[in-house]
Amino acid sequence: MAAADLSGSSFFRHLQCRDLHQYLGSLPSGILDRLYNHPAICLAVFRELPELAKQFVMRTLFADQPVPDTLVAAWVKTEHQKHYIGSLNRLKGLRIWKESSGAVPNRLEMNAIFRSNLKIALCGGGNPWIGSGDQPERDKHARDIPFLDKYSMERWEAVLHFMTGYTSTEEGSAVSQDVVKVLVLSGLMKCETPGNSPIISPAGFQFLLMDTASQVWYFMLQYLETVEGRGMDLVECLSFLFQISFASLGKVSTSYNGLFWFVISVRSLLPRACCMGRRRRELLIRA
């Protein structure tokens with residue numbers, strides 16, 4: 001959404017920071033089904049479910065037949081029906097559960113793709129995830145965790161300083177044009193006059209009041225809106241991000257074949273999320 005489209009109260013609606021499930025629920029069903037082909041994503045989605053929804057998933061994970069909705073309802077006490085309805089709607093919204101298309105009505109069945117890959121994530125099997133199978137040679141210039149923390153915070157602060165118009169001559173304080181483009185397209189900054197540097201918008205001031213984790217997540221969502229326009233596959237990019245969320249802190253990974261340019265973009269856009277190693281082919285996981 002262009003900055004010019006944001007006006008009045010739309011700033012606040014636009015700047016609501018969606019959580020993982022809200023974001024995934026907004027994706028087309030075809031994209032969700034492709035995402036569930038990756039065990040890491042299925043596990044990430046599962047661990048963010050409400051506790052009751054997790055119970056529903058685990059009780060039906062190994063069930064080969066659709067489950068009557070009356071049976072599911074019987075698992076929950078009457079006084080907790082609000083949580084039951086909320087969990088049921090969450091599972092349906094994420095396409096984890098759906099109404100059975102069989103001859104018997106009022107039955108629920110689990111998404112077969114989700115079931116298969118969650119089993120892999122929980123029980124083992126499948127291909128190694130990023131960071132789990134590669135063993136690069138020992139690097140005498142390896143970065144430790146305190147260095148990564150300091151570096152990533154400095155780089156993220158450079159983005160925030162740019163938004164407020166603060167300029168610094170310190171090395172590494174500049175932000176890339178990709179960062180500027182996302183800030184403008186997301187409405188966090190605006191260009192009042194063509195050719196001039198962008199300035200912070202009312203939405204940008206609201207963004208500055210968020211905690212760092214929410215800022216990074218919101219910024220990442222804005223960037224993901226642009227990946228297909230850059231010729232990248234949204235599903236593969238999301239899969240990569242979910243997989244590195246399970247990687248070991250401070251460890252180097254070289255297993256991101258086919259996503260080199262996305263990794264380069266993430267490095268410049270989100271230094272709080274991960275950092276590149278000394279070699280361009282290595283990814284140094286921060287978080």
Side-chain angles (χ1 to χ4, degrees), residues 1-38 40-41 44-45 48 93-95 155-156 158-160 162-163 175-191 194 197-245 256 258-274 283 287:
M1 181 183 295
D5 294 333
L6 295 172
S7 60
S9 62
S10 64
F11 279 124
F12 301 96
R13 291 196 302 270
H14 177 67
L15 209 56
Q16 290 177 347
C17 193
R18 293 175 293 175
D19 61 25
L20 171 63
H21 287 170
Q22 290 171 333
Y23 171 70
L24 293 178
S26 70
L27 297 176
S29 58
I31 295 289
L32 266 183
D33 285 341
R34 285 186 60 206
L35 281 172
Y36 291 155
N37 274 308
H38 300 269
I41 293 180
V45 171
E48 294 298 322
L94 292 170
R95 289 180 55 79
R155 295 298 300 128
W156 185 248
V159 175
L160 302 182
F162 175 80
M163 291 180 64
V175 298
S176 70
Q177 286 302 307
D178 269 341
V179 170
V180 177
K181 183 181 295 185
V182 174
L183 290 172
V184 173
L185 291 176
S186 64
L188 300 179
M189 300 189 76
K190 58 183 179 180
C191 294
S197 298
I199 60 173
I200 191 169
S201 69
F205 282 112
Q206 187 183 353
F207 176 80
L208 294 178
L209 297 176
M210 293 179 176
D211 60 85
T212 302
S214 296
Q215 289 174 340
V216 172
W217 174 245
Y218 180 85
F219 195 90
M220 187 76 251
L221 293 184
Q222 301 307 309
Y223 176 69
L224 289 171
E225 296 289 338
T226 72
V227 296
E228 291 182 324
R230 299 166 186 263
M232 292 182 279
D233 188 324
L234 175 61
V235 172
E236 291 302 318
C237 294
L238 283 170
S239 175
F240 168 79
L241 290 174
F242 280 117
Q243 289 185 60
I244 64 173
S245 74
Y256 52 89
L259 288 170
F260 179 78
W261 291 113
F262 179 66
V263 172
I264 294 297
S265 297
V266 169
R267 179 198 178 191
S268 65
L269 288 165
L270 290 175
R272 285 290 295 172
C274 62
L283 175 68

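Heads up: numbering here begins at 1 and tracks the sequence. Since this is a predicted model, take the numbers as computed values, not measurements.
Once rounded to the nearest 0.5 Å, the distance linking CZ of Phe162 with CG of Leu183 reads 7.0 Å. Put simply, CG on Leu160 and OG1 on Thr212 are 7.0 Å apart, with the number rounded to the nearest 0.5 Å. Between the CG atom of Leu94 and the OG atom of Ser29 there is a distance of 13.0 Å, given to the nearest 0.5 Å. Tyr23 contributes atom OH, which lies 6.5 Å from atom CG of Leu221 (distance to the nearest 0.5 angstrom). The CG atom of Leu224 lies 7.0 Å from the SG atom of Cys237; values are rounded to the nearest 0.5 Å. Expressed to the nearest 0.5 Å, how far NZ of Lys181 lies from OG1 of Thr226 amounts to 8.0 Å.
The closest donor-acceptor contact from the side chain of His21 to the backbone of Val45 lies under 3.5 Å. No side-chain donor-acceptor contact under 3.5 Å links Ser201 to the backbone of Lys190. The backbone N or O of Gln222 sits nowhere less than 3.5 Å from a side-chain atom of Glu225 that would complete a donor-acceptor pair. A distance-only check finds a donor-acceptor pair linking the side chain of Trp217 to the backbone of Arg18 [under 3.5 Å].
Of all heavy-atom pairs spanning Cys191 and Val184, the tightest one is SG-CG2, 4.4 Å. Pairing each heavy atom of Met189 with each of Pro198, the nearest pair is CE-O, 3.4 Å. Minimum interatomic distance between Leu35 and Leu27 (heavy atoms only, all atoms of both residues): CD1-CD1, 3.8 Å. Summarising the geometry of Ala158 relative to Val175, their closest heavy-atom pair is O-CG1, 3.8 Å, with the distance given to 0.1 Å. In plain terms, the two heavy atoms of Met163 and Ile200 that are nearest each other are O-CB, 3.2 Å. Nearest heavy-atom pair across Val182 and Ser186 is O-OG, 2.8 Å.
Residues passing the side chain to side chain contact (heavy atoms under 4.5 Å, CB included) test with Glu228, sequence neighbours excluded: Leu234.
Side chains of Asp178 and Arg230 form a contact here, defined as non-hydrogen atoms less than 4.5 Å apart. Phe242 is listed as a side-chain neighbour of Leu20, based on a closest heavy-atom distance under 4.5 Å. Residues Met220 and Leu241 form a side-chain contact, since some pair of their non-hydrogen atoms from C-beta on lies under 4.5 Å apart.
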Intermediate values then yes/no, side chain to side chain contact (heavy atoms under 4.5 Å, CB included), Val227 and Glu236: CA-CA 10 Å; Val227 296; Glu236 291 302 318; over 6 Å; no
Derivation and outcome, side chain to side chain contact (heavy atoms under 4.5 Å, CB included), residues Glu48 and Asp19: CA-CA 10 Å; Glu48 294 298 322; Asp19 61 25; over 6 Å; no
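Aromatic ring orientation, Phe207 versus Tyr218: tilted (interplanar angle from 30° to 60°).
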